[in-house]
Amino acid sequence: MLEAYQAFASCYDSLMYDVDYDEWTRYLVELIEKHNPAAKTVADIACGTGSISVRLNKAGYNVVGVDLSDAMLDVAAQKARKMGAKISFVCQDMKNLKLHRQVDVVNCAMDGVNYLTSVDEMKRFFGSANNSLKSSGIFMFDVSTEYKLGTIIGEDTFCDEVDDAAFIWASGFDSGTSLSTMHLTLFVKTDNNSYNRFEEQHVQRAHSLFEIDSCLLSAGFEVIGVYSFLGNDKAREDDERWQIVAKKV
């Protein structure tokens with residue numbers, strides 16, 4: 001599994017070619033400026049290959065990137081050096097954050113919270129996020145909704161190909177547990193133009209707004225924004241993604 005995840009990290013950015021990281025980061029910066037305009041420090045949790053981390057740094061924030069995968073962080077560090085971004089990257093479990101210093105903003109983008117597959121795990125992460133924030137700091141994260149995981153993705157198979165890799169993504173959704181199980185078969189091109197095959201499984205959970213609100217409250221947060229993603233409108237059940245903003249109290 002470790003070898004598979006290292007292979008995934010090496011071609012992750014190529015496979016995510018359709019994600020507009022510039023727009024995503026602009027949205028996050030707008031939320032920070034709206035809800036904590038004096039913020040200077042950001043912890044970017046589940047940062048992966050650091051595409052948002054480096055853009056937040058370029059927007060003027062002091063950033064620390066946190067992820068559980070050393071392979072992803074290696075790619076992130078290389079990207080930061082290439083882009084001239086000064087970022088510390090730390091390998092930690094998001095459920096047990098132990099930052100050297102508290103920050104003004106804890107951000108977790110691109111389904112990081114969906115990878116917490118129980119309410120208990122979500123509570124643990126929210127608690128550690130609270131401990132990582134300065135007084136009146138803000139906590140921002142997005143989640144893919146049950147509508148997306150259960151209806152848009154549902155029981156389906158997706159395929160795609162880029163220059164150096166190809167993948168088959170087969171998904172299934174259990175409405176009883178709200179768990180989406182995604183089996184990834186990855187083909188990575190070698191130097192001699194053959195392909196190595198790797199397999200891994202991803203599991204995400206569709207958390208309800210009630211569960212999210214309850215976990216935030218118990219972790220010492222006040223919810224100050226629940227938006228349809230990339231907008232300021234109130235979240236709807238048929239949104240594919242929600243953006244949540246909470247304040248440490």
Side-chain angles (χ1 to χ4, degrees), residues 19-48 50-67 80 83 85-88 94 97 99 101-114 116 122-123 125-145 147-148 207-249:
V19 176
D20 190 337
Y21 290 108
D22 290 335
E23 181 184 19
W24 202 312
T25 306
R26 279 196 297 271
Y27 180 60
L28 295 176
V29 170
E30 287 174 1
L31 291 174
I32 295 172
E33 291 177 343
K34 177 180 179 179
H35 294 292
N36 192 1
K40 296 181 179 179
T41 54
V42 180
D44 191 25
I45 312 302
C47 68
S51 292
I52 288 179
S53 302
V54 295
R55 285 167 172 81
L56 287 171
N57 180 254
K58 289 297 184 181
Y61 298 101
N62 294 322
V63 179
V64 55
V66 180
D67 200 275
M83 295 181 66
K86 296 181 179 180
I87 300 174
S88 298
M94 63 194 294
L97 297 177
L99 304 180
R101 296 181 181 85
Q102 291 180 318
V103 294
D104 299 308
V105 179
V106 170
N107 175 65
C108 185
M110 300 188 68
D111 294 351
V113 171
N114 289 106
L116 303 171
M122 189 161 54
K123 286 180 178 179
F125 172 47
F126 290 0
S128 70
N130 188 288
N131 291 336
S132 301
L133 281 168
K134 296 178 182 179
S135 177
S136 299
I138 61 169
F139 178 32
M140 312 193 311
F141 61 93
D142 62 76
V143 289
S144 286
T145 64
Y147 174 71
K148 176 185 175 181
H207 306 294
S208 70
L209 284 178
F210 175 78
E211 291 170 333
I212 292 170
D213 286 347
S214 297
C215 289
L216 286 169
L217 180 63
S218 66
F221 286 105
E222 173 191 359
V223 179
I224 54 177
V226 182
Y227 306 114
S228 295
F229 183 65
L230 291 182
N232 292 309
D233 295 331
K234 186 177 179 180
R236 304 186 307 268
E237 290 297 324
D238 61 350
D239 287 328
E240 292 188 32
R241 186 182 299 275
W242 295 322
Q243 176 70 45
I244 316 295
V245 184
K247 182 178 181 180
K248 180 174 180 174
V249 295

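Scanning all heavy atoms of the two residues, the minimum distance from Val106 to Val103 falls at CG2-CG2, 3.9 Å. Residues Ser144 and Asp111 come closest through the heavy atom pair OG-OD1, 2.8 Å. Here the shortest heavy-atom pairing between Leu209 and Ala235 reads CD1-CB, 4.5 Å.
Side chain of His207 to backbone of Val113: a donor-acceptor contact under 3.5 angstrom is found. The backbone N or O of Val143 sits nowhere less than 3.5 Å from a side-chain atom of Asn114 that would complete a donor-acceptor pair. Looking at Thr145, its side chain does come within 3.5 Å of a backbone N or O of Asp239 through a donor-acceptor pair.
For the side-chain contact (heavy atoms from CB on, under 4.5 Å) with Tyr27, the lone residue among Thr25, Leu31, Val29 that qualifies is Leu31.
Rounding to the nearest 0.5 angstrom, the gap separating the CD1 atom in Ile45 from the CG atom in Leu97 is 4.5 Å. Considering CD1 of Ile244 and CG of Asp213, their distance stands at 7.0 Å, rounded to 0.5 Å. Here the straight-line distance linking atom NE2 of His35 with atom NZ of Lys247 works out to 10.5 Å at 0.5 Å rounding. Remark: Ile224 CD1 to Asn36 CG distance equals 8.5 Å, nearest 0.5 Å. Atoms CD and OG, on Gln243 and Ser228 in that order, are 11.0 Å from each other to the nearest 0.5 Å. How far OG1 of Thr41 is from CG of Leu56: 11.5 Å, rounded to the nearest 0.5 Å.
With a 4.5 Å cut-off on side-chain heavy atoms, Met94 and Val66 do not count as touching. Between Val245 and Tyr227, the closest side-chain pair of non-hydrogen atoms falls below 4.5 Å. At least one side-chain heavy atom of Met140 sits less than 4.5 Å from a side-chain heavy atom of Ile32.
Residues Trp242 and Tyr147 place their aromatic rings such that the two centres sit no closer than 6.0 Å.
Annotation: side chain to side chain donor-acceptor pair (under 3.5 Å) contacts involving residues 50-61, sequence neighbours excluded, comprise Asp22-Arg55, Asp44-Ser53, Ser51-Lys79.
Within a 6.0 Å radius of NZ in Lys34, more than 12 heavy atoms belonging to other residues, nucleotides or ligands are found.
Lys248 meets the side chain to side chain contact (heavy atoms under 4.5 Å, CB included) test with Gln102, Asn130, Leu133, Phe221; sequence neighbours excluded. Looking at residues two or more places apart in sequence or on another chain, you find a ring pair (Phe, Tyr, Trp, His ring centres under 6.0 Å) between Phe125 and Phe139.
A salt bridge is absent between Lys40 and Asp104: the closest approach of a Lys/Arg side-chain nitrogen to an acidic carboxylate oxygen does not fall below 4.0 angstrom.
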